[in-house]
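All remarks here apply to the structure that follows.
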2 protein chains.
Amino acid sequence: MFKPTTIKDIAKALNLSTSTVSRALRGGYEISEETKKIVLEYAEKVNFKRNPIALSLKERRSYSIGVIVCEVANQFFSQAIDGIESVAYSKGYHVIISQTHDSYEREVINVEHLANRSVDGLLVSLSAETKDYSHLEKLHDQGLPIVFFDRILNSMNTHKVSSNNFKGAFEATEFLISKGCKRIAHLANASQLSITAERQKGYEEALRQHHIPIDKELIKYCKHGGRDQIEVEIAVREFLSHDNPPDAIFVASDRLSTGCLSTMKKYATHHHDILVAGFSNSELVELLNPSLSYIRQPAFEMGEKAAEMLISIIESKYPIEEFESIMLDTTLHPNGV
Amino acid sequence: MFKPTTIKDIAKALNLSTSTVSRALRGGYEISEETKKIVLEYAEKVNFKRNPIALSLKERRSYSIGVIVCEVANQFFSQAIDGIESVAYSKGYHVIISQTHDSYEREVINVEHLANRSVDGLLVSLSAETKDYSHLEKLHDQGLPIVFFDRILNSMNTHKVSSNNFKGAFEATEFLISKGCKRIAHLANASQLSITAERQKGYEEALRQHHIPIDKELIKYCKHGGRDQIEVEIAVREFLSHDNPPDAIFVASDRLSTGCLSTMKKYATHHHDILVAGFSNSELVELLNPSLSYIRQPAFEMGEKAAEMLISIIESKYPIEEFESIMLDTTLHPNGV
DNA sequence: ATCGATGCCGGCATCGATTGCGCATTTTTT
DNA sequence: AAAAAATGCGCAATCGATGCCGGCATCGAT
């Protein structure tokens, strides 16, 4: 069937040994200019490409990095992936993308799959459901380079890239307060995620500084990250049907933001009275109705940084001792009213 | 660094040969139950996983399939990828995703990259810029299985999956006519794409059947598929500033649809007088303002079908002679007015 | 008792590319 | 002119897993 030319074919055709061909093809300090020219020309002619799989076996590495995200349909992640790819390609690495759909089982399967010597390192943003991290810790202990981005595992000693979630949440909440809102609800992601805790702290701190009491009934978590629309819908409808309903909602993530708006449009007759601000990297935000004030994360840059860090670990000669945590700033985009 | 246990390590530890261990690990009809048990237990204990790279080298295949799309941020493609993955995983294949960003150069690089014996087959949706298909034809001639979906290359003799673009376009245009529109513009994708031609035919046929003259000035192509927002903006602004401007726009693809709406919101003071209908698989469509009537493609199913077809070619013992072209129906979702 | 049949397992080559070592020549040095 | 150095290239091992072939023992049959 599909059978590309190998170094052996060239050797046979040119009546040389495979070693000579191999050396002629790369550097080749020990090969005469003449032979080198013959080999290179012939290789070009038969469109020779070295077999990366054979190389991986020999070199015990694959020049590819694995990316674990909840889903590529999420614009934050697709932008981050663009950043990852731009760095990876420029350094000669493949990128293999794997989606967890915020499921713990899928995360375990995908991580094991990728780790098994087919990637040189892993870029991970945790699934919303994940509470047990042993699948990652085991691999990391065995020496597989791992860098976290966005949804971080604080307890693991490695590089991490995140955005300033506390500040982003704080600014968004303060913006809602500045618009006169007094009862601000918080629609949050799964409680075990790093981003959830950080964003909730920012939200609470803003309320505190403006002397607005924190009402636990106005904070709801989506433990599957809004994997099913219904999960978001239930939470938002509880807000809406509250005896003393909120006059604003601060939403902690992309998927939840749009889910929240859909629900409001569907069920709230008076939805223009409720301001919504949330994290979103969607390019369609400005076209939404009800409108959404949004906090944007520098997804592309986060991807770039994470990929650079991972590749630096992979290519480091010695075990890394000192690990970095990078935090990038978000931007607030007010909208509506 | 990262060094997983190999079959050799097990052999040494158990004082057996590698062949025995190998056979004990899989079926092993020639190995005594006793040795088999010892090997399996030890393998389990040291968490042995066979090295897929070594296997790929030996078997001359990788159990992975490559997917070439313009970008994963596009919901149509991310949904198609979900379909592809669901089939691929269930049959034991990896999925490697590669983005062209509608650039011809990137397509060539990515295709070559994947083809080089690291994938067993390719699932391709052409880039908007691509006019020369030799990079794909060469590989196909060499025997690499290729299946097209969505953006098809008609001249290549292989399986193809598309949606009924003609019918979808026809219905959307007819819908606009039924709403009383008389001057319906068409914002199209790159002219060499299969979907562009099919959708344009549907549009023109609807006009013809309703005795509306076809005005070539009301048809504009985006030859980079709307890779840059500015490309769409220029086209739409030309529509808007026309002496006799359109009262509706039929848009041929997802990215163009949203780009069109943005531009209208930005520049058209009277944008509510212009109806817009277009292809879109975005989950946010219902929340858009200006509103959009949309044609939805069965992206997930298209991905499933394409993956099934590709895997059937890969696993077929004999060269396939008869190729299929599958066409799935779209659905129209009217909105606004 | 000898031969054949089986059961169980090890040796070796293989997939494609790389590389240390070593063997020829040729060129340079003394 | 003889010794030393340099040049150009081939042999064989290696990476991990597999599978053909062949060896050795045990058993039953003739």
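The chains referred to below are lettered A, B, ... by the order of the sequence lines, with proteins before strands, and numbering in each begins at 1.
- Side-chain N/O atoms of A:Arg23 and base N/O atoms of D:dG10 include a donor-acceptor pair closer than 3.5 Å.
- When the P atom of D:dT14 is taken as reference, atom CG of A:Leu57 falls 13 Å away, rounded to whole Å.
- At a threshold of 4.0 angstrom between heavy atoms, the contacts of B:Leu16 are confined to the sugar-phosphate backbone, with no base atom among them.
- Between A:Leu25 atom CG and D:dC9 atom P the separation is 14 Å, expressed in whole Å.
- For the pair B:Ala54 and B:Lys36, both in contact range of DNA chain C, the more 5′-proximal nearest nucleotide belongs to B:Lys36.
- In this structure A:Arg227 satisfies the salt bridge (charged side-chain N to carboxylate O under 4.0 Å, His left out) test together with A:Glu129, sequence neighbours excluded.
- Between A:Arg26 and B:Thr35, the residue whose closest nucleotide on DNA chain C is further toward the 5' end is B:Thr35.
- If you measure from atom NZ of B:Lys8 to atom C1' of D:dT14, you get 7 Å, rounded to the nearest angstrom.
- Using five terminal pairs a side, the axes of the helix from C:dA1-D:dT30 to C:dT30-D:dA1 at its two ends make an angle of 70°, given in steps of 10 degrees.
- Listed by first then second residue, pairs satisfying ring-ring contact (aromatic ring centres under 6.0 Å, His included) with a partner in residues 11-34 of chain A number zero, not counting sequence neighbours.
- For the side chain to side chain contact (heavy atoms under 4.5 Å, CB included) test, residues two or more places apart in sequence or in another chain that qualify with A:Tyr93 are A:Arg61, A:Tyr63, A:Ile65, A:Ala88, A:Lys91, A:Asp120, A:Ile311, A:Ile314, A:Glu315.
- More than 12 heavy atoms of other residues, nucleotides or ligands sit less than 6.0 Å from atom NZ of A:Lys160.
- By the 4.5 Å heavy-atom criterion applied to side chains, B:Thr20 and B:Ser17 are counted as neighbours.
- Listed by chain and residue number, A:Ile313, A:Ser316, A:Phe323 satisfy the side chain to side chain contact (heavy atoms under 4.5 Å, CB included) test with A:Ile320 (two or more places apart in sequence, or in another chain).
- Using a distance-only test at 3.5 Å, with no hydrogens or angles considered, no donor-acceptor pair links the side chain of B:Thr100 to the main chain of B:Glu107.
- Bounding nucleotides for the chain B contact on DNA chain C, 5' to 3', at a heavy-atom distance below 4.0 Å, are C:dC8 to C:dG16.
- Between the side chain of B:Thr6 and the base of D:dC15, no donor-acceptor pair of N or O atoms lies under 3.5 Å.
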Does the pair B:His135 and B:Tyr104 meet the rule for a ring-ring contact (aromatic ring centres under 6.0 Å, His included), with working shown? CA-CA 11 Å; B:His135 55 301; B:Tyr104 169 68; 5.8 Å; yes
